Amino acid sequence: MQNPPENRAITDEPTHDDLPDIVDLVLEMGSSPPASRAPARLEALVETATAYAKAASSDNTRDAYAKDWRHFTSWCRREGLDPMPPSSQVIGLYIGACAAGDPRRGLPPLSVATIERRLSGLAWNFTQRGVPMDRADRHIATVLAGIRRKHAKPPRQKEAVLGDDLIAMIATLGHDLRGLRDRAILLLGFAGGLRRSEIVGLDVARDDHLDGNHSDGAGWIEIFPDQGVLVTLRGKTGWREVEVGRGASDQTCPVAALESWIRFGRIARGPLFRRIFKDNKTVDVERLSDKHVARLVKQTALAAGVRSDLPEGERKLLFSGHSLRAGLASSADIEERYVQKQLGHASAEMTRKYQRRRDRFRVNLTKASGL
């Protein structure tokens, strides 16, 4: 690697830490108005464009990218380097430092996945500032390849919650308001093969997304009596629909659980799953955090004794919100293409990664080759 560009003094200029004002970007287009302040009509256009720009990524994604940028610029200040314009040599040094950690400051090495995520965050931030980063440059790509080769670990999958496990888990819940809500979360998340963000992102009705309503949700539900519930989800590549049929028993039916929660929670519109106050009688108007789903799966799995053959310390690390999604893929005794559609996977190979109990040796190429 070549030496980095000559060190330059770093100042706390706001242009390094703050995204460029979209007003400035708009004023650069065409002829600039004579006044420094944009006319009212242009300000309205700026507000509209800003709203659409924010809608291009989720709040969680923008928050993560903002943290990535702060981490990078702080490192640059400590090392006496300039974060702008993007230098592939500086970025190569940065990811190398991330992989090595900093024992003097008590900072452990970052994982390969975290470093790759930070690179994505930097690429996004540089693009927003009009100076794209060349991630394929050899100073970045070669260092990253070395980090992957030296530090990459085998993937660690979360334990799948199977059908019998889920029945035992919902049996640990009470029949109060909080229990009704959490039972509906577990059953719908499992039967729909939903991600935790998709579960808490649901609204009660389609109307919440129409007529100028600006829902922050990821979709909505439609209940069809005696049949099931249709879940409509907004993903990165567009909208998709997930059908969740009624179960054989009301005690384990996701649709019956949803109906009970909506009725007793008095949910007419807006977020489907919400926080409940300490009195366990009052339902908040705010949407639940997706972290609640992860905690709920972990707590109920432990309470139900799932994988009780393992020490408690290991069991706590096994379960997460993803356990529901993997559980459906592993439990559903049905053609793989139906599971693939339910999970919204583009390939069958991705679906197979979720199937913890599938027969890996059903196709025996050894015997097929005559051995």
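What's counted below: heavy atoms across the whole structure, side chains too, no hydrogens, waters or symmetry copies. Only a predicted model underlies this, so the values are computations on that prediction, with no experimental measurement involved.
- Between Arg234 and Glu198, no side-chain nitrogen of the basic residue sits less than 4.0 Å from a carboxylate oxygen of the acidic one, so the salt-bridge criterion is not met.
- When ring centroids are compared, His175 and Phe264 stay outside the 6.0 Å threshold.
- In terms of modelled atom types and a separation under 3.5 Å, the side chain of Thr73 and the main chain of Arg70 share a donor-acceptor contact.
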Exercise for review: Kindly determine whether Leu187 and Val244 satisfy side chain to side chain contact (heavy atoms under 4.5 Å, CB included), including the steps that lead there.
Suggested key: CA-CA 10 Å; Leu187 289 170; Val244 177; over 6 Å; no
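- Salt-bridge formation is detected for the pair Arg104/Asp102: a Lys NZ or Arg NE/NH1/NH2 atom is positioned less than 4.0 Å from an Asp or Glu carboxylate oxygen.
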Legend entry - CA sep, side-chain torsions, deciding dist, call: Ile91, Met133, side chain to side chain contact (heavy atoms under 4.5 Å, CB included): CA-CA 9 Å; Ile91 295 170; Met133 178 187 88; 3.3 Å; yes
Applying side chain to side chain contact (heavy atoms under 4.5 Å, CB included), run through Val161 and Val306 and close with a yes or a no. CA-CA 8 Å; Val161 168; Val306 181; 5.7 Å; no
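- Two residues are said to be in side-chain contact when any heavy atoms from C-beta on lie closer than 4.5 Å; Arg178 and Lys281 fail this criterion.
- Looking at every heavy atom in both residues, Leu177 comes nearest to Val283 through CD2-CG2, 3.6 Å.
- Counting heavy atoms from C-beta on, the side chains of Pro86 and Phe126 come closer than 4.5 Å.
- The aromatic ring centres of Trp220 and Trp239 sit less than 6.0 Å apart.
- A donor-acceptor pair is defined here as one N or O able to donate and one able to accept, closer than 3.5 Å; no such pair exists between the side chain of Thr114 and the backbone of Leu110.
- Atom CE in Met169 sits 7.5 Å away from atom OG1 in Thr172 (nearest 0.5 Å).
- Distance check: Leu144 CG to Asp137 CG gives 12.5 Å after rounding to the nearest 0.5 Å.
- Salt bridge annotation for Arg307-Asp309: present, with a cationic side-chain nitrogen under 4.0 angstrom from a carboxylate oxygen.
- How far CD1 of Ile147 is from SG of Cys98: 8.0 Å, rounded to the nearest 0.5 Å.
- Considering CG of Asp176 and CG of Asp182, their distance stands at 9.0 Å, rounded to 0.5 Å.
- If you take CD on Glu243 and CZ on Phe224, they are separated by 9.5 Å, rounding to the nearest 0.5 Å.
- Taking both residues in full, the closest heavy atoms of His151 and Val112 are given as C-CG2, 3.8 Å, listed atom of the first, atom of the second, then distance.
- No donor-acceptor distance shorter than 3.5 angstrom exists from the side chain of Asp203 to the backbone of Ala205, with no hydrogens or angles considered.
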Exercise for review: Could you check Leu288 against Arg181 for side chain to side chain contact (heavy atoms under 4.5 Å, CB included), going step by step and ending with a plain yes or no?
Suggested key: CA-CA 11 Å; Leu288 266 182; Arg181 179 200 64 189; 4.0 Å; yes
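- The pair Asp284-Arg274 fails the salt-bridge criterion, with no side-chain N (NZ, NE, NH1 or NH2) lying under 4.0 Å from an Asp/Glu carboxylate O.
- Between the Asn125 side chain and the Gln128 main chain, no donor and acceptor come within less than 3.5 Å of each other.
- The pair Asp68-Arg117 counts as a salt bridge, with a side-chain nitrogen and a carboxylate oxygen less than 4.0 angstrom apart.
- Heavy atoms of other residues, nucleotides or ligands lying less than 6.0 angstrom from CZ of Arg266 number 12 at most.
- Partner Leu81 forms a side-chain contact (heavy atoms from CB on, under 4.5 Å) with one of Arg78, Glu79, Arg77 and no other, that one being Glu79.
- Thr232 and Arg240 form no side-chain donor-acceptor contact under 3.5 Å, judged by distance and modelled atom types alone.
- Taking the side chain as every heavy atom from C-beta outward, Val293 and Leu296 never approach each other to under 4.5 Å.
- Contact annotation: the side chain of Cys76 approaches that of Val90 to within less than 4.5 Å [non-hydrogen atoms, C-beta and beyond].
- For Arg183, the salt bridge (Lys or Arg N to Asp or Glu O under 4.0 Å) criterion is met by no residue, not counting sequence neighbours.
- Heavy-atom minimum distance, Ile140 versus Ser88: CG1-O, 3.6 Å.
- Considering all non-hydrogen atoms of both residues, Ala184 and Phe273 come closest at CB-CE2, 3.9 Å.
- Residues Leu258 and Ile221 meet the side-chain proximity criterion, which asks for heavy atoms closer than 4.5 Å.
- For the pair Tyr94 and His71, the minimum side-chain heavy-atom distance is below 4.5 Å.
- Closest non-hydrogen pair, Pro83 versus Phe72, comes out as CB-CE2, 3.6 Å.
- With a 4.5 Å cut-off on side-chain heavy atoms, Val231 and Leu188 count as touching.
- For the pair Arg129 and Trp124, the cation-pi criterion (under 6.0 Å, within 45° of the ring axis) is not fulfilled.
- Ser323 places no side-chain N or O within donor-acceptor distance of the main-chain N or O of Phe319, the cut-off being under 3.5 Å.
- Closest non-hydrogen pair, Arg135 versus Glu116, comes out as NH2-O, 3.8 Å.
- The NZ atom of Lys291 sits 8.0 Å away from the CZ atom of Arg295 when rounded to the nearest 0.5 Å.
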